[in-house]
Amino acid sequence: MQAIQDILVHGHDHIRTSLDRMNRSGRTVLLLVDTEGRLLRTVTDGDLRRLLLAGTGLDEMLEVLPPHQSWTVTEDTDADHVLELMNRHRIDQVPVVDDEGRPVHVHLRREIDRPILLSTPHLSEHERDFVEQAFATNWIAPLGPNVDAFERELAEKVGVGHAAALCSGTAAIHLGLKLLDVCPGDTVFCSSLTFVATANPIRYLGAEPVFIDSEPGTWNMSPAALERALSAANALGRLPKAVVPVGLYGQSPDMEAIVDICDRYGIPILEDAAESLGATCGRRAAGTFGRLGVYSFNGNKIITTSGGGMLVGDDPDLIEKARFLATQAREPAPHYQHVETGFNYRMSNILAGVGRGQLMVLDDRVAQRRAVFDRYVLGLGHLEGITWMPEAPGHHATRWLTTATIDPERTGITAGELVERLAESRIEARPVWKPMHRQPLFEDCEYWSHEPDRSVADELFQGGICLPSGSNLAPEAQRRVIDRIVDLVEESSPRSRLTVPESRAG
Ligand SMILES: Cc1ncc(COP(=O)(O)O)c(C=O)c1O
């Protein structure tokens, strides 16, 4: 954000220097202030042009400008009202003044009117170099030096032996389950509260998912439900081929407990860390606890290759087999020899270049997403009835998405209504994932709840909301989200009309 001082001018400033100031600041409006720093009027490029056309010289002072009433707002005017003012008066810039009438900020239409999205790609200055290298060396293929390096660098970053770069996280789950020998007629235990991409590959292989509930402490797979489900399956002699715990919204499940349970039954784990790259659980990276782990680099993820995924694990043979299957299972023969059914699942060398650049800023992205979360807590913490996704003891979440549950009894508004009302202000919020055991696609599947009569995934789906959380979400845009939520909750619930803290996000 630009410093307000860059666009302040005084009556004794010349038109020439003012035009120069506009040029340098890239702004089309300056703020004319008096000797006390109070706003007298806005000065647009149009105002200066008109003066020059009327014969005023470039070396005359701004005091020749006629008085003019400029529309201003105060610091607590919310974005919707500012936009309304802009529309009513057909202006694109509105100064914000303090109690003394001194300008502190200028709202720009292009910042205020822009839709605020849930999570958008955030590139650094590094990606282009790797991509240009790929072009320069003509490595435009689903293999090449960027692919090899991205695999090596990611494996090193998360502390795992090996990694195979693939075209999506879904492909990685599919291959991972295949490598764990999931076959038609098998069962796979899988988190219920997740995106459908976790469960679909189970069906690709002709197996059936059994869904496991979440626990309140991490919102992820409930060790208690898993234990009961495995014990029951064991008694029936129908243990699953694999367990797939998912790390949602940037937080790892309680992997230590889950590993412990699965080890007792001898069941391998495929950890779906599509949403939790960069998170840790007890100092170990999310995605590295199971026999295999999966990351996604879809456009909305914490780092992205526009589309892509990675299968990781410590067993070199498994990862090498993944690369083989992902390349049409082509046997090492000079002619095209095939023994097994393969897939076209490799990542391209160009996208791997994007991934290498993104990986260099992963730690920054985690810090930025956590800062977004902190600003929400600061700006909304005074409202009753909003409960943030907890960060379990010993965990370090990335806060990939800031998520919370909304208690309609206390806020006067449901999570669903809040999502709809925010959309009216061009703010994209989303409900928490609809659990898989509630999906028509999986209506016949078994489901194990956290407690016999308590389904945490259902509670989270009922009350959960994901807020715009991009690492590139500007503080002013986030302020717009916070202000809108405060207004909506205050409108809905007289009881939550508490004192607004002095410092909000921004
Ligand atoms: C939990 C989860 N699993 C798997 C995937 C699939 O990843 P991809 O989109 O890269 O196929 C996603 C995201 O898209 C996800 O959120």
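Both ligands and their constituent atoms are indexed starting at 1 by order of listing.
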- Query: With a 4.0 Å cut-off on heavy atoms, does Gly307 reach ligand 1?
  - Reply: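 Per 4.0 Å heavy-atom rule, Gly307 does not contact ligand 1.
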- Hey, what's the ring geometry for Trp388 with Phe373, parallel, tilted or perpendicular (30° and 60° as the breaks)?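 If you compare the ring of Trp388 with that of Phe373, the planes turn out perpendicular.
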- Phe297 vs Phe150 aromatic rings, parallel, tilted or perpendicular, using cut-offs 30° and 60°?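 Phe297 and Phe150: tilted rings.
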Could you find the nearest protein heavy atom to [atom] and give me its residue, atom name and distance?
{"atom": "atom 13 (C) of ligand 1", "value": "Lys301 NZ, 2.8 Å"}
{"atom": "atom 3 (N) of ligand 1", "value": "Asp272 OD2, 2.7 Å"}
{"atom": "atom 11 (O) of ligand 1", "value": "Thr170 OG1, 2.5 Å"}
{"atom": "atom 9 (O) of ligand 1", "value": "Asn298 ND2, 3.0 Å"}
{"atom": "atom 5 (C) of ligand 1", "value": "Ala197 CB, 3.6 Å"}
{"atom": "atom 16 (O) of ligand 1", "value": "Glu275 OE2, 2.6 Å"}

- Query: So Arg238 and Thr187, side chain to side chain contact (heavy atoms under 4.5 Å, CB included) or not? Walk me through it.
  - Reply: CA-CA 8 Å; Arg238 251 185 78 68; Thr187 56; 2.8 Å; yes
- Report the part of Thr194 (side chain from C-beta onward, or backbone N, CA, C, O) that has a heavy atom under 4.0 Å from ligand 1; answer both or neither where that applies.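 Thr194 to ligand 1: side-chain contact only, backbone stays beyond 4.0 Å.
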- Just heavy atoms, cut-off under 4.0 Å: does Ala274 contact ligand 1 by side chain, backbone, both, or neither?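 Ala274 to ligand 1: side-chain contact only, backbone stays beyond 4.0 Å.
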- Query: What's the shortest heavy-atom distance between Ala429 and Leu422, and which atoms?
  - Reply: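 Minimum heavy-atom separation between Ala429 and Leu422: CB-CD1, 3.8 Å.
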Counting distance only, does the side-chain N/O of [X] pair as donor-acceptor with the main-chain N or O of [Y] below 3.5 Å?
{"X": "Gln358", "Y": "Ile303", "value": "no"}
{"X": "Asp213", "Y": "Ser222", "value": "no"}
{"X": "Glu127", "Y": "Ser124", "value": "yes"}

- Message: Does Glu451, at its CD atom, have more than 12 non-hydrogen atoms belonging to other residues, nucleotides or ligands within less than 6.0 Å?
- Response: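 Yes, because the 6.0 Å sphere around CD of Glu451 holds more than 12 heavy atoms from other groups.
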Residue [X] vicinity, atoms of ligand 1 by number, heavy atom under 4.0 Å:
{"X": "Ser296", "answer": "7 (O), 8 (P), 9 (O), 10 (O)"}
{"X": "Gly308", "answer": "10 (O)"}
{"X": "Val246", "answer": "1 (C)"}

- Message: Tell me whether Phe297 has any N or O atom under 3.5 angstrom from an N or O of ligand 1.
- Response: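 The answer is no, given that Phe297 and ligand 1 share no N or O pair closer than 3.5 Å.
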- Near-ring test Tyr447/His437, centroid separation under 6.0 angstrom: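 So the answer is yes for these two rings.
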